[in-house]
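Before any comments, here is the structure.
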Amino acid sequence: MKQLVLIINVDFILCLLSYLTHVDGRELLHHGYGRNRQRYHYYNLDDCGHEIKFVEKHGNKSSRHAQNYRCQNMFSLKHKRHGFQQFHRNRYFVRHSTGPVAEERNNTKLPHVIHWPVKREAVVEGDLILGGLMMVHSREDSVTCGPIMPQGGIQALETMLYTLDKINMDNLIPNVTIGAHILDDCDKDTYGLEMAVDFIKGSISNIDEATDYNNCSSKGHKKKVISGVVGAASSVTSIQVANLLRLFKIPQVSYFSTSPELSNKQRFEYFSRTIPSDHYQVKAIVDIVRQLGWSYISIIYEESNYGIKAFEELDDLLSKHGICIAIKEKLVKDSGVAEKIAYDNIVIKLLTKPRAKGVIIFGSDQEVAEVMRAVRRQNVTGVFSWIGSDGWSARNLVSDGNEAEVEGTLSVQPQANSVIGFEEYFLNLTVESNSRNPWFIEFWEDHFQCKYPNSPPTPFNKNYTKLCSTAEKLSKHALDFEDQLQFVSDAVMAFGYAFKNMHQELCGSKPGLCDEMNPTKGADLLKYLRKADFIGLSGDRFNFDINGDGPARYNIIHFKQYEPDKYKWIKVGEYYQGELRLNMEDIQFGIKNPSAPESVCSRPCERGQAKKYVEGEGCCWHCFNCSQYQISNPADETHCINCPRGTIPDIYHENCQHIPEDYLKPESPYAIGAMSFSSLGIVMTFFVVGVFLKNNDTPIVRASGRELSYVLLSGILLCYGVTYALVFKPNDIVCGVQRFWSGFSFTVVYAALLTKTNRIARIFNASTKSAKRPSFISPHSQLVICGILISFQILINAVWMVVSPAHAMHHYPTREDNLLVCNSYTDASYMVAFFYPIFLIIVCTVYAVLTRKTPEAFNESKYIGFTMYTTCVIWLAFIPLYFGTGNNVQLRIASMSVTISLSATVTLVCLFSPKLYIILIRPERNIRQSMMPIRYSTINKTTGSAQSSVMAAVIVTAATCNENEKVIKNVSNENITAAY
C-alpha cells in the first residue's frame with residue numbers, strides 16, 4: 001500500500017511539472033495544432049519506443065487509449081474539483097509509434113513549417129549513466145531556443161564526451177563503463193527544468209521493479225537510472241534543477257554556476273560545483289577596484305539569482321572598504337525581452353554620474369553585449385572602464401563587433417587550464433564522425449555559414465544559400481576555444497573517481513557492477529563525490545571544499561588593443577587564497593590613454609582641509625580650509641579643531657606645534673641692561689656703606705641717624721638684588737622669591753623713610769605745642785617702629801603665599817605667544833606685593849608735604865619729599881608700561897627691574913649724596929658746630945625761650961643737604977649734647 005501511494009505521488013509530481021513547464025509562455029500550444037491542425041513535432045521517446053505528443057483536445061479523438069488517461073486520472077484522483085481538471089479536459093497525452101507514422105496519418109498536403117525547438121539528446125551507452133544539461137543553444141525571446149552556442153555549449157558538451165571516453169578508455173572502474181544522457185536547456189531555467197524531468201524517470205520507474213509505468217515489463221525493458229547530473233551552466237537553471245533532483249537524491253555537479261546561494265547545503269545538499277562561488281569572485285573584484293584607487297563606481301547586474309546575490313555581496317563588501325556606488329542598474333535576464341531603449345537608458349543613467357568612470361558588470365554575455373551596443377549608440381565609447389564577471393569574461397559574443405567599447409576591460413575568470421588533448425580531438429570532429437552529438441550539425445552550419453546536405457530546417461539555417469561540401473575542416477585559427485572547459489572535465493572526472501571509490505568499497509575486487517551499485521544510491525554517491533581528490537585532465541589537482549565548491553582560483557584577464565584595431569584577451573594577474581596579484585604594467589585602458597582612469601566623486605582634500613559631504617552622497621564632498629589656528633581633525637575629517645593654547649598649526653595644518661617658551665633670559669639684551677644697571681647701583685650702595693662705616697662716628701653720620709641709614713641702605717641693596725631674581729628662568733621657587741623679595745625690598749626702604757619723616761613731623765608738631773620732648777624718637781625706638789612697619793609686609797606675603805601659592809605657568813596673551821611667567825604676572829595680583837609699599841610711599845609723601853616748611857637747616861625732609869615725588873612719578877610711569885607690555889615678557893620684566901633699581905637709585909642719590917659731599921669733599925664741615933642752623937635766632941623769636949631747647953635738639957638730628965648753609969655760632973654745646 002505504501003508503494004502504491006509513493007507511485008501515485010511521484011506520478012502526480014511528474015504531471016504537475018509537465019504542466020508547469022509547458023504552460024509558461026504557452027509554448028506547446030503555440031507549436032501544437034494550429035488553424036491547419038498541424039501536429040507539433042515536439043516529442044519524447046519512452047523506453048518502449050513510443051512517441052508522446054502534446055496536442056489539443058479538438059484533434060483526433062479516436063486515437064485515445066486507456067493508458068492515455070494516466071495523468072488525467074491522477075489529477076482526478078488527487079484533485080477532483082481542482083482547477084487543473086479543466087486543463088486535462090482540454091489536453092491529453094497521445095502515444096504514437098516512432099518513425100514516419102505522423103506523415104501517414106495526415107494525407108493532406110500541408111505547407112512547409114519549421115518546427116522549433118526539436119528535442120534531441122546525446123546518448124552514450126554505459127553501465128552507469130550520467131545526465132548532462134548543457135546550454136547548447138542560447139536564449140531568445142522569439143523562440144524557445146536561440147542560435148547554437150559554439151563555446152559554452154558545443155565545446156562544453158564535447159568536453160564531457162571526451163572526458164567520458166578517457167575514463168572508459170583508462171578503465172578507471174574495472175569492467176564498468178560510464179555512459180551519458182545529455183540534453184539541451186537553451187540557457188533557460190523553465191526549459192531546463194522541463195528537460196531535467198527526463199533524469200528522474202529512471203528513478204521513478206525503478207522504485208518498485210514489479211511496477212512498469214509504461215506497461216513494458218513484459219518486454220523485459222528497464223529504464224536506465226541516472227546516477228548523477230553534470231550541469232547546468234546557468235545558476236538560475238541550476239537552482240531550479242537542484243530543487244528537483246534533491247527530491248530523488250540525485251547528486252548534481254555544475255561547471256559554470258557560481259551563485260553564492262548554491263553554497264547553502266541546507267537547501268541544496270545534493271548540489272556541488274567544480275567552479276568557485278561568486279563569493280570569492282566578488283572579493284577579487286573589490287580588490288581590483290581598491291588597487292585601481294577607485295572609490296566611486298557604478299554597478300550593472302543581471303536580474304537573476306546570479307546577479308542579485310553577487311550585487312548583495314558587492315554592496316556589503318564595497319561599503320566596508322569605503323567605496324560608494326553611484327548608479328545601480330539591473331539587466332533583464334533574457335536579452336530579447338528588453339528593447340534597445342532599455343539598454344540605452346542604462347547608459348544614459350551612467351552618464352548622470354560622470355565621475356564614476358569605473359563600472360562593474362555582473363551579468364551574462366548576451367545582456368552585456370547589448371550594453372556595449374548601447375554604449376556605441378550613445379557615442380560614449382571609451383568613457384567608462386569595465387570590471388567584468390566570469391559570466392561574460394573572454395566571450396566573443398560580447399567583444400565581437402564591440403572591440404572599442406570593451407577595450408580596457410578587466411575581468412575575473414575562474415582559473416582553468418586547457419584540457420590536455422581536447423583541442424586535437426575537437427578539430428578532428430566531423431558531422432559524419434560525430435553522430436553521437438545530434439547538435440553538431442547545427443554547429444557545423446553556424447561555423448561554416450552553409451546548409452549541410454539533408455539537414456533538418458531550423459530558424460537559423462533557412463537563409464543559408466551556400467551548401468556545405470562536407471569536406472570542410474575545423475582549424476585552430478578559425479576557432480575560439482572556451483577557456484573554462486576544465487570545469488566541465490573536472491565535473492565528469494569527479495563522478496568518475498566517486499564511482500571508482502564507491503566500487504572499491506562496495507564491490508571490492510569484483511569486476512563489473514555489483515548489486516550494491518545497481519543502481520547507485522544518491523546519498524552514498526554524494527559522500528564519495530565530496531571526498532573526490534584527483535589530478536584532472538588539465539593537470540591541476542581538484543577537490544571540493546566544505547561547501548561542495550571548487551577551489552577559489554581566478555585569473556585576471558584584460559582586453560587589450562596591442563596594435564591599432566587588433567585586440568586580444570591577456571592574463572594580467574591572478575587571485576589565489578584571498579590574495580590579489582595584479583601586473584599593472586601590462587594593463588592598458590586605452591591605446592591613447594593607457595593609465596587607469598580616475599573613478600572618484602571628489603578628489604582627496606589637500607593637507608589641512610576638511611570635508612563637507614554632499615547630502616545623500618557618501619563619497620562626494622567639498623573641501624574647505626581650516627582657519628589660521630586650526631588643524632584638520634584626524635578623527636573626524638569633516639571638522640577642523642583648534643590648536644591648544646601655546647601651540648600653532650604647522651604649515652600643512654595637520655599637527656599643532658609647540659610655541660617656544662618666552663621668558664627673560666640672562667643673555668638677552670634686556671636682562672644684560674637691567675643687570676648692568678643693578679650692578680652699578682650695588683657698587684654705589686656698597687661705596688656709601690663703606691663711607692658710612694668708615695665715618696660712622698662723625699657728626700654728619702650720627703646726625704643722619706646711623707641705624708635707620710643702614711636699614712635704608714640695606715633696603716636699597718635688596719632693591720638692586722631683585723633684578724637678579726627676575727632674570728632667572730621662572731619656576732615655583734624663583735616665583736616665590738620674586739614675589740617676596742620685590743615687595744619686601746621696597747618696604748624696607750620706605751619703612752625707614754616713613755620712620756624718619758614721621759619723627760621729623762612729630763618733633764616739629766610737638767615744638768609748636770609744648771617744650772616736652774616727643775616720645776619714641778630715640779634710635780632704638782626708631783628701629784622698633786621700622787621693624788613693625790616691615791613686619792606688616794612679611795605678614796601680607798605669608799598670607800598671600802598660603803591663599804595663592806606662587807608657581808610658574810605658561811601665559812598666552814595672544815594665540816602666538818607662549819610666555820613662561822610666574823602666576824602673579826598674568827593679572828593685577830602682582831600688585832599685592834606693592835600694595836603695602838605704595839601705601840608707605842603715599843604716607844611718606846604726605847609727611848614730606850607736611851614738613852616742607854621746616855627751617856632750611858632741617859632740609860633732609862625736603863630731600864625725602866623730593867625722593868617721594870620722584871618715586872611717585874617713576875611708578876606712575878611704570879604702571880601703564882607694565883600693563884601695556886603684557887605680550888612681551890622680556891620687556892615687562894626688564895621694565896620692572898629697571899623701575900625698582902631706578903627707585904633705589906633716586907633714594908640713594910637724593911638722600912646720601914649730600915652727606916657724601918660733606919664727608920668726602922668738605923670734611924671741614926663734618927663737625928658739630930656745622931650741624932647748627934644758621935637762623936636759630938629767628939626760630940627763637942618765633943617760638944619763645946621755652947621751645948629753644950627742643951629746637952636745638954632737632955637741629956643736631958636733622959640732616960642737612962645744603963652744605964653751603966652758615967652755622968649758627970651762638971648755640972651752646974650743652975644744648976647739642978642734650979639733643980643727643
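Below, each value reflects all heavy atoms present in this structure, side chains not excepted, and no hydrogens, waters or symmetry copies. It should be emphasised that the depicted structure is a prediction, and the values quoted were computed from it without experimental measurement.
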Any ion pair linking [Y] and [X] (charged N to carboxylate O, less than 4.0 Å)?
X: D316; Y: K320; answer: yes
X: R603; Y: E598; answer: yes
X: E617; Y: K353; answer: yes
X: K309; Y: D278; answer: no
X: R139; Y: E367; answer: yes

Within-4.5 Å side-chain heavy-atom neighbours: [X] and [Y]:
X: L474; Y: L427; result: yes
X: S257; Y: F271; result: yes
X: K188; Y: C145; result: no
X: F481; Y: E423; result: yes
X: L262; Y: S238; result: yes
X: I570; Y: I557; result: no
X: E574; Y: E579; result: no
X: K560; Y: K568; result: no

Is a side-chain N or O of [X] found less than 3.5 angstrom from the main chain of [Y], in a donor-acceptor match?
X: S298; Y: A326; value: no
X: R376; Y: G401; value: yes
X: Y296; Y: S602; value: no
X: H558; Y: T409; value: yes
X: Q561; Y: D565; value: yes
X: Q252; Y: G231; value: yes
X: N633; Y: I641; value: no
X: H639; Y: A610; value: no
X: W444; Y: Q449; value: no
X: Y306; Y: G391; value: yes

Quiz question: by atom type and distance under 3.5 Å, do the side chains of [X] and [Y] form a donor-acceptor pair?
X: N625; Y: Q609; answer: yes
X: S263; Y: D549; answer: yes
X: N461; Y: E445; answer: yes
X: T163; Y: S489; answer: yes
X: D480; Y: Q151; answer: no
X: E158; Y: N437; answer: yes
X: S599; Y: R355; answer: no
X: E442; Y: H137; answer: yes
X: E313; Y: H279; answer: yes
X: R273; Y: T258; answer: no
X: E482; Y: Q155; answer: no
X: Q630; Y: S627; answer: yes

When rounded to the nearest 0.5 angstrom, what is the spacing between [atom1] in [X] and [atom2] in [Y]?
X: L314; Y: I325; atom1: CG; atom2: CD1; answer: 7.0 Å
X: E370; Y: E339; atom1: CD; atom2: CD; answer: 10.0 Å
X: H321; Y: D287; atom1: NE2; atom2: CG; answer: 6.5 Å
X: I556; Y: Q291; atom1: CD1; atom2: CD; answer: 9.5 Å
X: I348; Y: R377; atom1: CD1; atom2: CZ; answer: 10.0 Å
X: L183; Y: L133; atom1: CG; atom2: CG; answer: 6.5 Å

Are [X] and [Y] close enough that their ring centres sit under 6.0 Å apart?
X: F487; Y: F256; answer: no
X: F443; Y: F426; answer: yes
X: Y567; Y: F559; answer: yes
X: Y575; Y: Y280; answer: no

What pair of heavy atoms forms the shortest contact from [X] to [Y], and how long is it?
X: V359; Y: F384; value: CG2-CD2, 3.8 Å
X: N417; Y: Q486; value: N-OE1, 2.5 Å
X: W392; Y: M372; value: CH2-CE, 4.2 Å
X: M160; Y: V488; value: N-CG1, 4.0 Å
X: E302; Y: S364; value: OE1-OG, 2.5 Å
X: S389; Y: S411; value: O-OG, 3.5 Å

Side chain to side chain contact (heavy atoms under 4.5 Å, CB included) evaluation trace for L410 with I587: CA-CA 9 Å; L410 282 171; I587 298 175; 4.0 Å; yes

Working for side chain to side chain contact (heavy atoms under 4.5 Å, CB included), residues F362 and F311: CA-CA 8 Å; F362 226 102; F311 170 74; over 6 Å; no

Surrounding CD1 of I546 (heavy atoms of other residues, nucleotides or ligands, distance under 6.0 Å), is the total greater than 12? no

Quick one: are the C619 and C324 sulfurs under 2.5 Å apart? yes

Once you measure the plane-to-plane angle for F589 and W294, does it fall in the parallel (<30°), tilted (30-60°) or perpendicular (>60°) bin? tilted

Relative to the ring of Y425, is the ring of Y162 parallel (under 30°), tilted (30 to 60°) or perpendicular (over 60°)? tilted

Under the 6.0 Å and 45° cation-pi test, does [X] pair with [Y]?
X: K330; Y: Y301; result: no
X: R607; Y: Y652; result: yes
X: K612; Y: W621; result: no

Just do the side chain to side chain contact (heavy atoms under 4.5 Å, CB included) check on I346 and I300 with the steps written out, would you? CA-CA 8 Å; I346 290 176; I300 302 174; 3.7 Å; yes

Criterion side chain to side chain contact (heavy atoms under 4.5 Å, CB included) on Y613 and T638, from CA distance to verdict: CA-CA 8 Å; Y613 281 92; T638 62; 3.4 Å; yes

